[in-house]
Amino acid sequence: MPVPSLTVLRTYALKANPSELPSSVLFSHTETSLTIFDAFPKAIFHFLVLPRVIPPATASELSSLRSLLKVEKERARGIVETLGKDAEQVRGMVEEEMVKRYGFKWDIWVGFHSVPSMEHLHLHVISSDLVSPRLKNKKHYNSFHPKLGFFLHLKDVLSWFDSDPSYYAMMSGLKKDQYEPLLKESLVCWECDKPFKNIPALKTHLQEKWDGRVEREKKRLDKKRTRVRELEEADESSSEPLNKRVDTRDTS
DNA sequence: GTTCTAGAAC
DNA sequence: GTTCTAGAAC
């Protein structure tokens with residue numbers, strides 16, 4: 001019998017009424033999915049979107065991407081597409097929160113782990129900073145590296161459905177032997193390809209990049225505020241109608 | 001998935 | 001000596 005914590009997602013997905021879940025767990029839900037806060041977030045924003053178990057789909061079919069891709073192709077496609085649409089809504093909510101909390105947006109990745117550790121299909125929605133005290137080892141990092149191949153972007157998985165049947169057959173196998181070795185690859189910054197000797201060094205790099213981004217965005221916002229204020233002051237000393245002279249739209 | 005920790009790496 | 005990784009246990 002598996003360790004109970006590895007099947008907890010299934011208990012969530014089977015809930016008839018997801019609202020009963022604690023607010024510390026549940027972020028949002030729809031008719032077809034629920035989105036939870038990842039218990040050990042590997043970035044500033046990290047959520048899991050789970051398909052709810054709705055007949056004719058079974059918990060067993062929804063155990064993983066691998067098991068789902070064994071069911072009749074068009075039914076599997078429908079489930080992945082629906083999950084993806086719900087994830088896009090979550091992306092929108094996360095972007096809104098990014099602007100609220102930080103004043104700017106950054107990339108959000110939406111995808112599956114090719115070899116999941118927990119049972120029940122879950123789509124990761126994770127911000128691209130990868131700044132988190134819970135990101136502790138090479139496996140954590142490489143499992144989200146967007147170009148390494150272990151992390152399967154949703155749009156790539158969706159493209160499999162429209163590819164040659166032989167390619168679909170190959171990809172839907174999701175062979176462990178093909179993906180697990182990727183987790184042991186050497187540490188390279190996903191953004192600038194710089195290599196690192198160990199996790200602490202890479203984490204310092206990611207933190208510095210993030211701090212730099214925050215600093216640049218802060219300066220950008222300050223500049224914009226100054227620009228707007230100067231235009232407003234020019235207005236006060238002019239007799240021309242306001243809408244004839246200033247355009248304060250943010251084109252940055 | 002995490003925690004714990006032995007021993008490798010520095 | 002300390003830091004860091006990786007495998008076992010849960």
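Letters go in sequence order (proteins before strands), and every chain restarts at 1.
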TODO: Assign Pro116(A) to base, sugar-phosphate, or nothing according to its heavy-atom contacts below 4.0 angstrom with the strands shown.
DONE: nothing
- [ ] Return no unless some side-chain N or O of Lys42(A) is found under 4.0 Å from OP1 or OP2 of dT2(B).
- [x] yes
Task: His140(A) vs dG1(B): side-chain N/O to OP1/OP2 distance below 4.0 Å - done: no
Roughly, in whole Å, what's the span from [atom1] in [X] to [atom2] in [N]?
X: Leu50(A); N: dG1(B); atom1: CG; atom2: P; value: 15 Å
X: Ile199(A); N: dA9(B); atom1: CD1; atom2: P; value: 17 Å
X: Lys138(A); N: dT3(C); atom1: NZ; atom2: P; value: 20 Å
X: Phe196(A); N: dC4(C); atom1: CZ; atom2: C1'; value: 16 Å
X: Asp38(A); N: dT2(B); atom1: CG; atom2: C1'; value: 12 Å
X: Asn137(A); N: dT3(C); atom1: CG; atom2: P; value: 18 Å
X: Leu183(A); N: dG1(B); atom1: CG; atom2: P; value: 8 Å
X: Lys184(A); N: dA6(C); atom1: NZ; atom2: C1'; value: 7 Å

TODO: Name the closest nucleotide to the Ser5(A) side chain, picking from dT5(C), dG1(B), dT3(B).
DONE: dG1(B)
Task: Out of dT3(B), dT5(C), dG1(B), whichever nucleotide has its closest atom nearest the side chain of Pro200(A) - done: dT5(C)
TODO: Quickly, which of Arg225(A), Arg220(A), Lys224(A) forms a side-chain hydrogen bond (donor to acceptor under 3.5 Å, both in side chains) with Asp222(A)? Name it, please.
DONE: Arg225(A)
TODO: Report the relative orientation of the aromatic rings in His46(A) and Phe144(A); use parallel for angles under 30°, tilted for 30 to 60°, perpendicular for over 60°.
DONE: perpendicular
Open item on the list: With a 6.0 Å cut-off on the ring centroids, do Tyr179(A) and His113(A) count as close?
Closed with: no
Open item on the list: Distance to the ring centre below 6.0 angstrom and angle to the axis at most 45 degrees; does that hold for Lys73(A) and Phe161(A)?
Closed with: no
